[in-house]
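Everything numeric here is computed off the predicted structure, so don't read it as measured data. Here is the naming used below: chain letters follow the sequence lines, and residue numbers restart at 1 for every chain.
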Amino acid sequence: MIHEAVMAQGSFDIPLTVDTPWPLLSVVDDFGHIVITDQWLETGLFSDAAILSVARYSGVVLGVVYTDGKAQIRGAGMVWWLGNESDVGPIIEAKQSMSGATLDTCLTNLLPSAITKGSVSEPASAVTYTGQHQWETPLSAIRTVSAALGTEFRVNPDGTLDAADSNVLFNIDSPTVVVMRDGWGSDPTYQGVPSDLIQSTRDARTYVTQVILLQDDLDGTFTNKGSDSRATTYKDIHGNAMTRTFLTVDNSVDATAVTTFLATELSEWVVEDLQDVDTSQVHSDATFAVGDSFYVWDPPVMVDLTNQITFRGDIIHPKKLRLLEASWPLTDGMGVYYRDKDGTYTDLSRFVAWEK
Amino acid sequence: MASLTIGRVGLDVTLEHPYSWDSSGRSDRVRGYITDSTVANRNAIRSELVEQVGRLVAVTWTKDTTRDGFYIVRSASVRSDVNRKSFETDGLMEFTVDLDRIGSVGSVELQSLITGTVVANDFGVITTETKPFHAPSVGALTYDSGSGAPTVIERTTSDGAITVFEDITDTENPTWSVSPSTYYSGAAQIKVSSLLRSGLDAPNDPEDFELSNGLVRLKPGTTASVSDGTLEVEWYDGSAWDTAKVFYLTHATVQIPRWHYITILRNTPEECRIRLVRDAAESPPTSYRHILDISLRRGSRFLACYYTWTNTAIDMQIRVETNEASTAVTPTGATGTFGIRATSNDASGNRFVLACPKTQTQDLTNGRITQAATTTFPFMIGSEVGGSGAASGDQAADLMLQYLGWVSETVRAVRR
C-alpha cells in the first residue's frame, strides 16, 4: 500500500511473496529507493532518468520486515529527504538569511543536495520572502516559506521539487474526476468513479476567531508581531460573540511576511469539513494525483450549488474537494523496482503480493 | 392466476405467483418461477430481477395484499437449467428474491430529496426566475412541499392524472404518499427491444427503444429497420398519443445519420436517462464520437438533452424534420430569446418547443436552433400540448423556465 500526502512524506509498504528469491531480497538496502510505474517496464531498456520520469511513485527504503518467510519493504516518500516530522534530516547549519527573496531564491538557499529544484513558478501575488533559517530541516524551512508566500510544493519521483501557487502546481480549478455512489460511468469530460464509502465529518474543534503571531524574545517575554481575525456568528451560552485564539511562536517570520503568514494560518483554523472517500477504482495518474481537486456528488450532504457540471446528461452540483491524502494498493500489472544508490534497478514485480 | 410485481418486474411481462413467501422479522424471501412461454421474455425478467438489487421497489401480490409495500431488494438470483428447459419454449426459470421490508402504504411515505438551481445560461435568467417543478406518482396524496407554496398543474398521463408542483422550493424535500400498486404510474420508464427495463443493463438496440413518462414518449426513427438518427417524439394530449413529431441533430450542417449504441444511464421512476452514441464515421471508423444524453423526469412535458462531440468545436443544431414556421420566445426574466415554438398549431393541435440555454442562432422560418463553434450542446425538446390553448404551466415560456430550473431528485421511503 502506498500512502501519499500533500507536502508530507507519506509512506509505502511493499509486501513480497514467500517465494521471493533471497538473492533478490538481499539487494534491497536501506536508503535505496523503491520506484513504481503504472505498467511494468523492462528496465534494462531504459535509462535511469527515463524510468524516473515516467514513474508514478518513488520512495526511500527505511526497513524490511520479515514475517514467516515473507518480506515487507517499508519506507517513506521522497519528501523524507527534506526531513521528517520529528525534525530529523539534513539540518540547515549555515544561517540562510533572505530579504525580499523570490520563491526560486528561497529554494536555492534551502534545498539539500538530495532534492534538486524542479519547476518553480513565482506566486501570482508577487509577494517575496524575508526571513532567516538555521538549525532546522529544509522541510520545516520550506513549509514556512510556502506558508508565507501562499504557495505549495511537490517532490517528484525523480527527486526534484516543484513549487508554485497550488492552482498552478495541481489541478484545482477544473477537476476531471467525479466520485458518486450511483450513476457513475464514463463521460467525455469527466471520469466517473464509484465510491465504496463517502463519509463527511464536520469538526469544529479546530475553529478559531483569531491567530496571534508571537516572537520569543528569549528573555521570558514575547512580542506580539501581529494578528488576524475573522468575524463570527457563533456565540457562547450568554450570547457573547465567541472568541478562540491560536497562538503561534515563530521568530523566523519577517515583518514583511507577517500578514500573509497570519492569513494562511487563520485559513487553516476553521470548522473542518473532512471527507473520507473510498473507491475501488485505481485512477490516480498523470491526470489526477494527490493535490488535485475532484468532485463528489452524494446529495444531500455532498452538494455545492456554486458548482454546476453536466455529467452523463445530468446537471449536478457536486462538492469540490481537494485530494490531500490518498492510499492506493499495488495492483497486478504495475512495475515495482528497487533502485540502488548507483541507479541500478532490480525488478521486484514478479514477487509482489498484489493487493487487489 | 395471481400476479406478482417486484418493482417494475411484472408490469409488462407477467410474473406468476411465487411458490413460497417467507417472512422473518422485516426480511422476506420470495421464491417462484418465471414461466413466460417466450424465452426472450424469461431472459428479460431474469435480467430485470437481478438489476433491482439494492433498489427501493414497490411490491404487490394479488394473492396476499398484506405483503404489498415498499422494500429494498437485498439480493436476487435466478436459476436457469436444462432440467427445467429454461432456454426452451414453455420452460421455467426459478427465482429467489430477498427483500427488506420498509412498510406498507400506511406506515411509509415517500420523500423526494431535491437538489436544484438555475441551469447556467447566457440570458441572465436567475434562480428565482426559473420554475423548478416536481411531480409525485399518479394517484399520490398528502403532498407536503415544506415551506414553499408551489403552483399546482394538473396533467393527464396515459396512466391517469398526475399533479405537477411548479415553483417548488428546491432546497426543501417534499414528502408524499402513494399506494405501491400505483407507484410506477406516470413514472419515467425505458423500454429496449420492446421490454420494460428495470436497471441499467439492456441489449444494444438503438432501433427499438422507448423513453416515456406517460406525457412524452421518445422513440428512434428508423429506415429499413436501421436507426436513421432521428428522434420521434409524441405527446399525450389527455386521451391519446398524438402523431409523433420528428426531430434531428445536425453537426456542421450534416444530419446525424444513425445511432450505434444505446446505454441506460439512469432508470428510476422519478427520472430516466439514456445515452445514444455513434462513431463519427463507420467506414473507416474514427477516434471521435457523437454522444447524446436524453433525460426525462416524471411529470415533465419536455426532454432535456445534452449533446457532446469529442473532436474540435463545430456548429450544432437541433431542428424539426419537417420545416415549421416558428416564433421566438423570451420568458420573463430572460434578457433575450433562448427558445422557439411553432407559430401555428400542428395537425394534433400542439406547438413544438425547442430551447437552448446558450448563445444561439434561431431559424424561425424552419424551426431550428444552432449553437455555433462548440463541442457541447444542451437543449430541450418540448411541446405546448393544446397549442395556442395550452394551459398555464404548459406554455412555451413555462416549459423553458421549467427546463432552466433544473432539479435532481432521489426518492427514499421513510416511516410516516
Side-chain angles (χ1 to χ4, degrees), chain A residues 171 173-200 202 233 273 275 277-281 286-288 293-321, chain B residues 54-56 111-121 127 132 170-173 199-200 211 263-268 271-277 288-297 303-311 357-358 375-378 403-410 412:
Chain A
N171 182 6
D173 298 328
S174 303
T176 59
V177 172
V178 182
V179 177
M180 52 208 311
R181 272 195 286 157
D182 299 304
W184 53 272
S186 73
D187 186 86
T189 309
Y190 301 97
Q191 180 183 357
V193 174
S195 68
D196 293 334
L197 170 75
I198 297 179
Q199 184 177 70
S200 179
R202 201 170 68 223
T233 57
D273 207 0
Q275 280 76 38
V277 177
D278 287 350
T279 78
S280 303
Q281 185 170 326
T287 59
F288 178 56
S293 289
F294 64 102
Y295 288 122
V296 180
W297 172 242
D298 189 23
V301 177
M302 295 295 190
V303 173
D304 184 345
L305 295 181
T306 61
N307 297 324
Q308 183 180 109
I309 65 170
T310 300
F311 179 68
R312 291 166 68 77
D314 192 12
I315 294 179
I316 60 174
H317 302 88
K319 200 155 193 165
K320 185 162 76 173
L321 306 180
Chain B
R55 290 172 174 250
L56 167 69
Q111 181 180 46
S112 292
L113 302 181
I114 297 285
T115 304
T117 188
V118 61
V119 171
N121 66 89
T127 301
D170 55 18
T171 54
E172 297 276 356
N173 300 315
L200 305 183
L211 175 63
T263 305
I264 300 176
L265 300 183
R266 176 174 178 168
N267 192 351
T268 59
E271 181 181 355
C272 285
R273 194 174 333 118
I274 61 172
R275 167 169 285 181
L276 301 173
V277 185
Y288 307 112
R289 54 176 72 172
H290 302 271
I291 302 166
L292 177 61
D293 296 337
I294 307 172
S295 176
L296 180 61
R297 290 181 57 211
L303 301 165
C305 306
Y306 193 83
Y307 174 64
T308 306
W309 165 238
T310 61
N311 200 349
K358 297 300 184 182
T375 57
T376 59
F377 179 33
Y403 168 61
L404 289 192
W406 190 280
V407 169
S408 295
E409 177 186 2
T410 302
R412 304 166 58 212

Using a heavy-atom distance cut-off of less than 4.5 Å, which residues of residues 293-302 of chain A contact chain B? A:W297, A:P299, A:P300
Provide the closest heavy-atom pair for A:G313 versus B:S295 in the form atom of the first, atom of the second, distance. O-CB, 4.4 Å
If the condition is side chain to side chain donor-acceptor pair (under 3.5 Å), which residues does B:T127 pass it with, not counting sequence neighbours? B:T117
Rounded to the nearest 0.5 Å, what separates atom CG in B:L265 from atom CZ in A:R312? 4.5 Å
Distance (rounded to the nearest 0.5 Å) between B:Y306 OH and A:D314 CG: 11.5 Å
B:R55, CZ atom: more than 12 neighbouring heavy atoms under 6.0 Å: yes
Residues 300-310 of chain A vs salt bridge (Lys or Arg N to Asp or Glu O under 4.0 Å), sequence neighbours excluded, gives none
Side chain / backbone / both / neither for B:I291 at chain A, heavy atoms under 4.5 Å: side chain
Counterpart residues, salt bridge (charged side-chain N to carboxylate O under 4.0 Å, His left out), relative to B:R275 (two or more places apart): A:D187, B:D293
So which of B:V118, B:V119, B:L200 has the largest heavy-atom pair count under 4.5 angstrom toward chain A? B:V119
